[in-house]
There are 2 protein chains.
Amino acid sequence: MKDNNDMPGHLARRFQQIAVAVFLAEVGDAGFDLTPVQYAALATIKANPGLDQVTLAGLIAYDRTTITGVIDRLAQKGLIERRASPRDRRARELEITDEGRRTLRKITPAVESAQRLMVRGLSAKEAEDLMRLLRKAIAAGNELSRAPLRE
Amino acid sequence: MKDNNDMPGHLARRFQQIAVAVFLAEVGDAGFDLTPVQYAALATIKANPGLDQVTLAGLIAYDRTTITGVIDRLAQKGLIERRASPRDRRARELEITDEGRRTLRKITPAVESAQRLMVRGLSAKEAEDLMRLLRKAIAAGNELSRAPLRE
DNA sequence: CGATATTGCTCAGTATGCTGACTATCAGTA
DNA sequence: TACTGATAGTCAGCATACTGAGCAATATCG
């Protein structure tokens with residue numbers, strides 16, 4: 001371990017740091033003010049209408065205490081609605097609004113361009129390899145974080 | 001882009017999330033209370049005695065506004081000392097303390113074990129491939145974040 | 001030398017992400 | 001049905017990260 005900057009942990013942090021910066025830049029240039037986390041939540045709510053917060057958190061591997069704030073901000077922006085579940089009075093059902101749908105549609109090109117930019121130093125094959133290895137490492141470590149993916 | 005969870009940005013976030021959790025668990029089990037960020041800063045200060053905050057930030061790619069708090073906490077724990085530079089009255093020179101040196105020495109096995117755990121789903125060759133691809137992608141995107149690496 | 005630009009650091013504000021604790025509610029069982 | 005445990009959500013507190021602003025000191029250049 002000659003260099004601390006060569007450790008997996010450091011590389012993970014750097015890659016995430018760049019990924020977020022690229023995402024915010026692309027989406028910002030397109031005229032939107034949405035974070036990667038907010039985007040993933042919004043897209044998942046659209047794909048799973050009426051889901052509750054815990055389920056949403058599991059689908060994108062967020063902590064349940066973090067998702068509260070994310071949902072607050074999405075609702076504040078008018079992109080989603082949060083209403084009490086008729087079946088479980090503890091739960092809240094999440095629904096995307098028309099405005100949320102419109103935003104999601106218009107933002108998609110910027111999001112996709114950001115994904116390409118993040119790996120712009122790699123060939124297509126290298127990018128695919130990277131994603132495959134990341135998926136494999138993540139699958140093996142899924143239960144190690146407080147907010148694992150739940151399908 | 002069938003699944004949002006398959007996008008590079010999401011994989012970056014997940015891998016980082018697991019890396020931090022593994023680091024904190026290993027280091028915590030060893031009896032220490034140090035974050036990945038604090039560890040990297042401490043190790044870099046030890047390797048570059050008397051460096052100033054901006055240089056430190058550049059060496060580990062932290063934002064200059066973030067490093068203030070990290071240094072505060074390291075100093076609070078007695079692991080480093082921060083004193084005015086005699087050459088530049090704006091700058092502060094950072095120095096590791098004996099306590100910091102001791103902590104760094106005792107914590108190293110846990111840190112290394114954490115690095116292995118992060119990629120425990122991968123073969124040795126796969127882990128090496130992953131790190132090579134991450135390094136390459138990061139090198140190409142270095143200037144895209146507000147806190148690039150500066151050597 | 002003096003005006004200007006740059007640099008080192010800090011601060012306020014916002015957004016993740018986590019720990020741990022708490023309330024309200026639901027589910028299973030004795 | 002009453003007790004017990006689990007679950008949905010929130011909150012306070014702490015630690016990264018970043019934006020943008022500002023202050024003090026240094027560097028640069030006409």
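With contacts defined as side-chain heavy-atom distances shorter than 4.5 Å, the pair N5(B)/I60(A) qualifies. Residues K46(A) and R101(A) form a side-chain contact, since some pair of their non-hydrogen atoms from C-beta on lies under 4.5 Å apart. A heavy-atom distance below 4.5 Å is not found between the side chains of T35(B) and R73(B).
The neighbour count for E126(A) CD, taken as heavy atoms of other residues, nucleotides or ligands under 6.0 Å away, is above 12.
dC23(D) atom C1' lies 13 Å from atom CZ of R64(B), rounded to whole Å. Summarising the geometry, the separation between CZ on R73(B) and P on dC14(D) is reported as 11 Å, rounded to the nearest angstrom. Rounded to an integer number of Å, the gap from I71(A) CD1 to dC11(D) C1' is 15 Å. Taking atom OH of Y62(A) as the reference point, atom P of dA15(C) lies 14 Å away to the nearest angstrom. As a whole-Å value, the separation of F23(A) CZ from dC18(D) P is 16 Å. Between L144(A) atom CG and dT19(C) atom P there is a gap of 12 Å when expressed in whole angstrom units. One atom, NZ of K77(B), and another, P of dC14(D), lie 13 Å apart when rounded to the nearest Å. Rounded to whole angstrom, the span from the CG atom of L24(B) across to the P atom of dG20(C) amounts to 11 Å.
Distance from the side chain of T35(A) is smallest for dT16(C) among the nucleotides dC26(C), dT16(C), dA17(D). Comparing dC9(C), dA8(D), dA15(D) by their closest approach to the side chain of V54(A) singles out dA8(D). The nucleotide whose nearest atom lies closest to any side-chain atom of Q38(A) is, among dA15(C), dT25(C), dT19(D), dA15(C). The side chain of T66(B) approaches dC18(D) more closely than any other nucleotide in the set dG20(C), dC18(D), dT16(C). Distance from the side chain of T65(A) is smallest to dC11(D) among dA15(D), dA25(D), dC11(D). For D52(A), whose side chain is taken as the heavy atoms from C-beta onward, the closest listed nucleotide among dC9(C), dA8(D), dT16(C) is dA8(D).
When the options L94(A), T55(A), L59(A) are evaluated for a side-chain contact (heavy atoms from CB on, under 4.5 Å) with T44(A), the one that passes is L59(A).
In this structure, R89(A) reaches the dC26(C) phosphate: one of its side-chain N or O atoms is under 4.0 Å from OP1 or OP2. Distances shown here put every side-chain N or O of R13(B) at or beyond 4.0 Å from the OP1 or OP2 atom of dA17(D). Put simply, Q53(B) has a side-chain N or O that comes within less than 4.0 Å of OP1 or OP2 on dT10(C). When the side-chain nitrogen and oxygen atoms of R92(B) are compared with OP1 and OP2 of dT10(C), one or more of them lie within a distance under 4.0 Å. When the side-chain nitrogen and oxygen atoms of Q17(A) are compared with OP1 and OP2 of dT16(D), none of them lie within a distance under 4.0 Å. Listed pair Q76(A) / dT14(C) fails the phosphate criterion, with no side-chain N or O lying under 4.0 Å from OP1 or OP2.
Contact annotation for V70(A): backbone-only contact, meaning every heavy-atom pair under 4.0 Å involves sugar-phosphate atoms and none involves a base. Residue contacts shown for D88(B) are limited to sugar-phosphate atoms, with no base heavy atom under 4.0 Å away. Residue contacts for E93(B): at a heavy-atom cut-off of 4.0 Å it reaches no nucleic acid atom on any strand shown. Contact annotation for A21(A): no contact, since no heavy-atom pair falls under 4.0 Å across all strands.
Residue-to-nucleotide proximity on DNA chain D shows that, of S145(B) and R146(A), the 5′-proximal contact is made by R146(A). Remark on DNA chain C: of its neighbouring residues R87(A) and D33(A), the 5'-side contact belongs to D33(A), judged by nearest-heavy-atom nucleotide.
Using a cut-off of 4.0 Å between Lys/Arg side-chain N and Asp/Glu carboxylate O, R116(B) and E26(B) are scored as not salt-bridged.
Note that CD of Q17(A) is 9.5 Å distant from OH of Y62(B), once rounded to the nearest 0.5 Å.
Judged by atom type and distance alone, R90(B) reaches the base of dT7(C) through a side-chain donor-acceptor pair under 3.5 Å.
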